[in-house]
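To start, the structure under review is shown below, and the notes come after it.
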Amino acid sequence: MQINDAHVFLCRTDSAEDPDLLERYHALLDPEERERFSRFRFERDRRAFLISHALVRVSLSQFADVSPVAWRFRRNAHGRPEIDQPTLMPLRFNLSHTRDLVACVVRRGLEVGIDVEAARDCSDLVALAERFFAPSEAAALRALPVVERSHRFYSLWTLKEAYAKARGLGFAFPFHRVAFQITKGVIETKFDPEIADRAAAWSFSLMRPTPQHWLAVALQVSGASGPHLKLNWFLPLTNATTADPCPIIAATPR
């Protein structure tokens, strides 16, 4: 795996309904994960938790000589999971899940963030944008016909979440300090000086893995060469893998 490569693994939660396979996923969990698993009341949430954590462990094991069950994790001050084995290959990963879909991204050395969202009918997208988006983004959303607002909102939301997660901040990050503009498949980014970062240090990609879902990836950039993003549908602990499941519909030019 080259330093600029990032691998995205996607899994539909309804693709792992076999009780024996789910039990194998449960066997991979560490004690803290099992305790969290026990708190879920609804079967769909329990299954999504098992799939997402199995996906992380099995995906990481493709890039290091470590058994999926042997991975140990810690959380940073803002709750982002990280590998708790610093002597290993310096892998970075990030996980996101939403209704019916789980996504994980793995990379070596450089920071990475991913967000996946299931589009929902929502009448207050403009109100949400005015609360969380940069003023220019909120104004552009208001100017769109109502039927086009969902497309724009989820494009911007997933990009912001992916960047915030790559920075290890999550919702502690001031979303309105980063503004995205998407024009004819090109993502342009403007950073507020207060966040102490440079737009040139990041590459962004936006995808539609299903008609109902939006997915964004934020990749830290090293050197002049742009990062390579590889995509796979992946059912952990099985041979069910499909390469390149969805095209990139917008990206940072490199």
Side-chain angles (χ1 to χ4, degrees), residues 1-30 33 37 44-73 80-83 88-89 91-118 158 161-162 165-166 205-219 227-249 251:
M1 180 169 59
Q2 299 299 314
I3 192 167
N4 268 339
D5 286 352
H7 296 255
V8 174
F9 300 95
L10 304 169
C11 184
R12 291 186 176 91
T13 56
D14 62 1
S15 66
E17 296 182 333
D18 179 3
D20 291 337
L21 182 59
L22 293 173
E23 184 59 34
R24 292 173 66 195
Y25 292 169
H26 186 272
L28 297 178
L29 303 181
D30 64 28
E33 290 169 329
F37 170 78
R44 67 175 183 273
D45 297 326
R46 293 164 66 87
R47 184 169 68 243
F49 183 91
L50 287 177
I51 295 170
S52 61
H53 286 75
L55 187 68
V56 167
R57 290 172 172 275
V58 175
S59 298
L60 286 171
S61 290
Q62 297 194 51
F63 305 108
D65 187 18
V66 178
S67 169
V69 74
W71 292 102
R72 292 295 178 265
F73 305 100
R80 182 180 72 170
E82 300 172 347
I83 297 170
L88 293 173
M89 179 190 300
L91 292 173
R92 300 288 187 268
F93 76 94
N94 200 226
L95 174 69
S96 182
H97 58 86
T98 187
R99 186 176 67 249
D100 302 328
L101 188 65
V102 175
C104 174
V105 60
V106 180
R107 194 185 192 195
R108 187 183 68 173
L110 299 173
E111 295 296 348
V112 62
I114 192 169
D115 185 55
V116 61
E117 300 286 344
T158 52
E161 277 251 41
K165 293 173 71 178
S205 298
L206 183 68
M207 287 152 275
R208 295 291 304 273
T210 80
Q212 295 77 38
H213 294 93
W214 294 89
L215 184 149
V217 179
L219 301 176
H228 301 284
L229 193 61
K230 300 182 179 181
L231 305 139
N232 298 274
W233 288 106
F234 183 62
L235 184 59
L237 302 182
T238 75
N239 293 323
T241 301
T242 305
D244 297 326
C246 58
I248 295 174
I249 62 173

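Atoms considered below: every heavy atom in the structure, side chains included; atoms not considered: hydrogens, waters and symmetry mates.
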Separation of Arg99 CZ from Arg44 CZ (nearest 0.5 Å)
10.0 Å
To the nearest 0.5 Å, what is the distance between CG on Leu101 and OG on Ser52?
11.5 Å
For residues Ala216 and Leu206, report the shortest heavy-atom separation together with the two atoms involved.
CB-CD1, 4.2 Å
So does Arg80 pair up with Glu111, basic N to acidic O under 4.0 Å?
yes
Minimum-distance pair of heavy atoms, taken over all atoms of Ala118 and Thr98:
N-OG1, 3.1 Å
Closest non-hydrogen atom pair, Asn94 against Gly113
OD1-CA, 3.4 Å
Can you see which heavy atom on Pro247 is nearest to which on Met207, and at what distance?
O-CG, 3.5 Å
Taking side chain to side chain contact (heavy atoms under 4.5 Å, CB included) as the definition, give me every residue that meets it alongside Ala48, ordered by chain and number, with sequence neighbours left out.
Thr13
His97 NE2 to Asp115 CG distance, which is reported to the nearest 0.5 Å:
10.5 Å
Using modelled atom types only, decide if a donor and an acceptor are shared between the side chain of Thr158 and the backbone of Leu215 within a distance under 3.5 Å.
no
Partners of Ala16 by side chain to side chain contact (heavy atoms under 4.5 Å, CB included), sequence neighbours excluded?
Leu21, Leu22, Tyr25, Ile51, Leu235
Exam field: side chain Lys165 to backbone Leu95, donor-acceptor pair closer than 3.5 Å:
yes
For Arg208 and Pro211, indicate whether the former's side chain and the latter's backbone hold a donor-acceptor pair under 3.5 Å.
yes
Distance only, no hydrogens: is a donor on one side chain within 3.5 Å (strictly under) of an acceptor on the other, for Trp71 and Ser61?
yes
Contacts of type salt bridge (charged side-chain N to carboxylate O under 4.0 Å, His left out), residue Glu33, not counting sequence neighbours:
Arg57
Nearest 0.5 Å please: distance from the CG atom of Leu110 over to the CG atom of Asp5.
11.0 Å
Looking at every heavy atom in both Ser96 and Val116, which two are closest together, and how far apart are they?
OG-N, 3.0 Å
After noting the C-alpha distance and the side-chain angles of Phe9 and Leu231, does the key distance pass the side chain to side chain contact (heavy atoms under 4.5 Å, CB included) rule?
CA-CA 6 Å; Phe9 300 95; Leu231 305 139; over 6 Å; no
How are the rings of His26 and Phe37 set relative to one another: parallel (under 30°), tilted (30 to 60°) or perpendicular (over 60°)?
perpendicular
Parallel, tilted or perpendicular: which fits the ring planes of Phe63 and His7, with parallel below 30° and perpendicular above 60°?
tilted
Which heavy-atom pair separates Phe93 from Pro81 by the least distance, and what is that distance?
CZ-O, 3.7 Å
Test applied, side chain to side chain contact (heavy atoms under 4.5 Å, CB included); reference residue, Val112; option that passes from Leu219, Leu229, Leu91:
Leu219
CZ of Phe234 to CG of Leu10, rounded to nearest 0.5 Å, is 11.5 Å
Could you check whether any side-chain heavy atom of Val8 comes within less than 4.5 Å of a side-chain heavy atom of Lys230, counting everything from C-beta outward?
no
One should read off an interatomic distance between Cys104 SG and Ile114 CD1, to the nearest 0.5 angstrom, of 7.0 Å
Is there a donor-acceptor pair closer than 3.5 Å between any side-chain N or O of His213 and the backbone N or O of Pro209?
no
I would like to know whether Thr210 and Arg12 meet side chain to side chain contact (heavy atoms under 4.5 Å, CB included); could you show each step before the answer?
CA-CA 10 Å; Thr210 80; Arg12 291 186 176 91; 3.9 Å; yes
